[in-house]
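Report on the structure given below.
Chain naming here is simple, since letters A, B, ... match the order of the sequence lines and numbering starts at 1 in each.
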Amino acid sequence: MSEFENHYSMKEYLAQIISESLEQFELEEPPEIRIEEPNQPDHGDASSNIAMMLAKPLRNNPRAIAQQLVDGLKYDEEKISAVEIAGPGFINFRFAEEYLFDELSEILKKGEAFGKSEANKGRRVLVEFVSANPTGPLTVGHGRNAVLGDTVSRLLEWTGAEVEREYYFNDAGRQMRVLGESVRARYLELLGKESDFPEGGYEGEYIRDIAQALVDEKGEELVEAEDEKPFKKKAEEEIFADISGTLKRMKIKMDSFFNEHSLYEEGKIEETIEKLRELGLAYDKDGAVWFKTTEFGKDKDTVLVKSTGEPTYRLPDIAYHANKLDRGFDLCIDVFGADHIATYPDVLSGIKSLGYDPDKVDVVVYQFVTLVKDGKPFKMSTRKANFVTLDDLMDEVGADVTRFFFLMRSPNTHLEFDIAQAKEAGEKNPVFYLQYAHARISSILRKVEEEYDFSEPAQLSLLSHSSEIKLIKTMLKFPESIANAARLREPHHVITYLNELASAFTSFYHDCRILGEEEKLARARMELAKATQQVLRNGLDILGISAPKQM
RNA sequence: GCGCCCGUAGCUCAACUGGAUAGAGCAACGCCCUUCUAAGGCGUAGGUUACAGGUUCGACUCCUGUCGGGCGUACCA
C-alpha cells in the first residue's frame, strides 16, 4: 500500500482529509478534529462531530455544514467505502475491505512489534514503584503498586520511551530500628535469654526465621551486641532477598535501587534546606525547620526537620525528586497509594521552588486493595502480622492471576480481590478467557498445518463473513488502545480491549471453521487466526501475563 | 471542619480527555458437546448512571449543592 499507510493511522488520515475539506470555510482558527468510534456498529467504523462543533461559529445548522464538508471531501476509495451524514450532524465513515486486508497483512508483518507507537519516542522516563522499606515481606497492598508500576513501565516502552524502573527505600529510619530490635528480641528468646519485645515491634513469623538464621550462623556471639545494628543488617539482607524473589516471581525486574541514605551522604538534604532557606521558604520555629507551604496555598506550614534533628519524609522526598531530574529524565512517574497523596503537592512545590519543572513529575495514585476471603473483607497490617503476603497469594492463585487481578480495575477505584474467584480455575476467572483464546488458536494451528499446504501466500480477500470482518476491525484498534492506556497510565484499558478481542475471536471460531474448509479459504482464515494470536500475545506481554500454547 | 478519590444492573466493574440506543463478567433463568479445546457459545431478565439543580445542539462524563463511603488533614512513614 502507499507510503502514507505505513506511517499514519486511519484516524490521522481521516483528520487529514477532513481538514482539507475544511479549508473551504476559511476559518480563523480551525477546531481540533477528533475521530471517534461510534457505539453503534450501524453508524459506521469511524465518526466525526466536526460539523456540530462548527454550527455555532458558522451560524448554520450542523447537517448543512456536514453536507458541505462531505461534498468537498476527497478520499481514497481503497480506504473508505462510504461516507454518511447521520443524526444531528455526525459524519460517519465506513472502512473499505481492501483497507482491512492490507492492515491485516501489516499485523502479520509487524508481528511482535504490532501495537508499538512513538508517542513517547526518545523520552527517558523513570518509574519509581514498590519502594517498600525492607521491614517485611511484600503484602497484597504492595502488589497493586508493583504490578501497576511495572505495567505502566511496559506501556511506556510500547510507546517508545526508554524506561528505568527504580525502587526507593530507606534503611535508616525509626521503622528499621524497631525491626532490628524485634529481631534482637527473638534472637535472645531463641537462646533462652531474657528479652524485651519492643513496643510496636514486628510480630511476624519471619522475624523469628531471621533470628534463627543468626543463631545458626553466629551462635551466641551477638548476645552482648551493643545495639540493634547487626540484627537490623541481617534483617535487611534477608528481607530484601525475599522481596527480590517475590518481584521476580511477578516478572518484575528493577533497574536500580535508590537508598535514601545516599542523599544524606552526598549532602543533598542539607543542600535542599539551604536552598529553601535562601528562597525564604524554610525557617526555624520551636526547634524545628518548617517549609512555608502556606505560600503554595496550604492552610498550614509543614515541618521539614523535627526538633529531634530528624527530617520528616517530605524533605528527602524533595531532594530525591530533584536528584531524579538531575539525572536527566524527561519524566518521572511515582506510583503510590492514596494514603500518600498528601505529600505530593509539597514535593511539587519543593522542586518547583528549586527551579525544576514540576510538569516532569507525574503520579499514579491507586486506591486500596481489599482482600476478600470467604466472601468477607480481610483487614491487614504488616506490623501485626495478620497480612497475606504476595507470595502466599501467588501460591494460591499463581502469578498470572495475581497480575491480572491487580490490573483489571482502574487504579482510581478500590480493588476488591476475591480470592475465591481468583482461585476458580474456570468460568469465574476472567484471566483464563484470554489465555484460553490464545491456547485454542495454537491448537487449531497445530492441526491445520498437518492438513494443508501453506507454502503459497494467502488470499485475504476471501475473508468476508461478518465475524471475520469484525475480528479484523477489532485487531486494528489495538495500537490505539495501547497508546491510550499509556497516556492515561491505566493498564485496565488493555484488559478491556483484550476481552473484546478474545470475544471477537470466539465468535469467529463459532461461526467459521478452518479445518474441513476449501484450501484457499482455510489458508486465509489461518492467517486471520495467526494475527489474532499475535495481538493477544502482544497484549498479554504488556500485562506481563503468559500466553500458553496449551491449557 | 477542610482537601483528594469514589457512588453506574443483585455483586465486582467498563464506557476511549462532552456524542447517537450506558456495556462486560459473576449471580439467575432457558437452550447448545458424533464438528479445529464446552476453561466455550446462543438467548432471556436485570438501569430515573446516589439525589437536586445548572452549563449546551447533546451530560455517566463539566459546574454548584446535598446525601453516602474511602483516604488524608502529625515535629508517623
**Prompt:** How far, in whole Å, is B:U48 from B:A22 if one measures between their P atoms?
**Reply:** 13 Å

**Item:** Span that lies between the P atom of B:A14 and that of B:C5, in whole angstrom
**Value:** 16 Å

**Asked** Salt bridge between A:E500 and A:K477, side-chain N to carboxylate O under 4.0 Å?
**Response** yes

**Asked** Between A:D362 and A:R489, does at least one N-O distance fall below 4.0 Å, as a salt bridge requires?
**Response** yes

**Request:** May I ask you to say what A:H493 touches in the nucleic acid, namely base, sugar-phosphate or nothing, with a heavy-atom cut-off under 4.0 Å?
**Result:** sugar-phosphate

**Asked** What is the distance from CG of A:L501 to P of B:A24, rounded to the nearest Å?
**Response** 16 Å

**Item:** Backbone of A:L156 reached by a side-chain donor or acceptor of A:T159 within 3.5 Å
**Value:** yes

**Asked** Just checking A:Y433: base, sugar-phosphate only, or nothing, at a heavy-atom cut-off of under 4.0 Å?
**Response** sugar-phosphate

**Request:** Could you tell me which residues satisfy side-chain hydrogen bond (donor to acceptor under 3.5 Å, both in side chains) with A:D346, sequence neighbours excluded, listed by chain and number?
**Result:** A:K298, A:R314

**Request:** Rounded to whole angstrom, note down the C1' distance from B:G7 over to B:C60.
**Result:** 11 Å

**Asked** When all nucleic acid strands are considered with a 4.0 Å heavy-atom cut-off, which category describes A:T496: base, sugar-phosphate, or nothing?
**Response** sugar-phosphate

Which pairs, protein N/O on one side and nucleotides 54-57 of chain B N/O on the other, fall under 3.5 Å?
none

**Asked** Which part of the nucleic acid, if any, lies within contact of A:S47, taking any heavy atom under 4.0 Å across all strands shown: a base, the sugar-phosphate backbone alone, or nothing?
**Response** base

**Prompt:** Has A:F368 got its ring stacked on the base of B:G70, with centres under 5.5 Å and planes less than 30° apart?
**Reply:** no

**Message:** Counting distance alone, no hydrogens or angles: does the base of B:G19 have a donor or acceptor under 3.5 Å from a partner atom on the side chain of A:N49?
**Reply:** yes

**Message:** What's the gap between B:C33 and B:A38 when it is taken at their P atoms, as a whole Å value?
**Reply:** 12 Å

**Message:** What contact category does A:R34 fall into here, base, sugar-phosphate, or nothing, at under 4.0 angstrom with non-hydrogen atoms?
**Reply:** sugar-phosphate

**Prompt:** If we take the P atom in both B:A77 and B:G72, what is their distance in whole Å?
**Reply:** 15 Å

**Prompt:** Contact class for A:K300 (heavy atom, under 4.0 Å): base, sugar-phosphate, or nothing?
**Reply:** sugar-phosphate

**Prompt:** Given the C1' atoms of B:C62 and B:A74, what is the spacing between them in whole Å?
**Reply:** 36 Å

**Prompt:** Expressed in whole Å, how much space separates the P atoms belonging to B:G58 and B:G43?
**Reply:** 35 Å

**Approximate separation, where rounding is to 0.5 Å, of A:L463 CG and A:L521 CG** = 7.0 Å

**Message:** According to a cutoff of under 5.5 Å between the ring centres and under 30° between the ring planes, does A:H43 stack with the base of B:A20?
**Reply:** yes

**Asked** Quantified in whole Å, what is the P atom distance between nucleotide B:U55 and nucleotide B:G23?
**Response** 28 Å

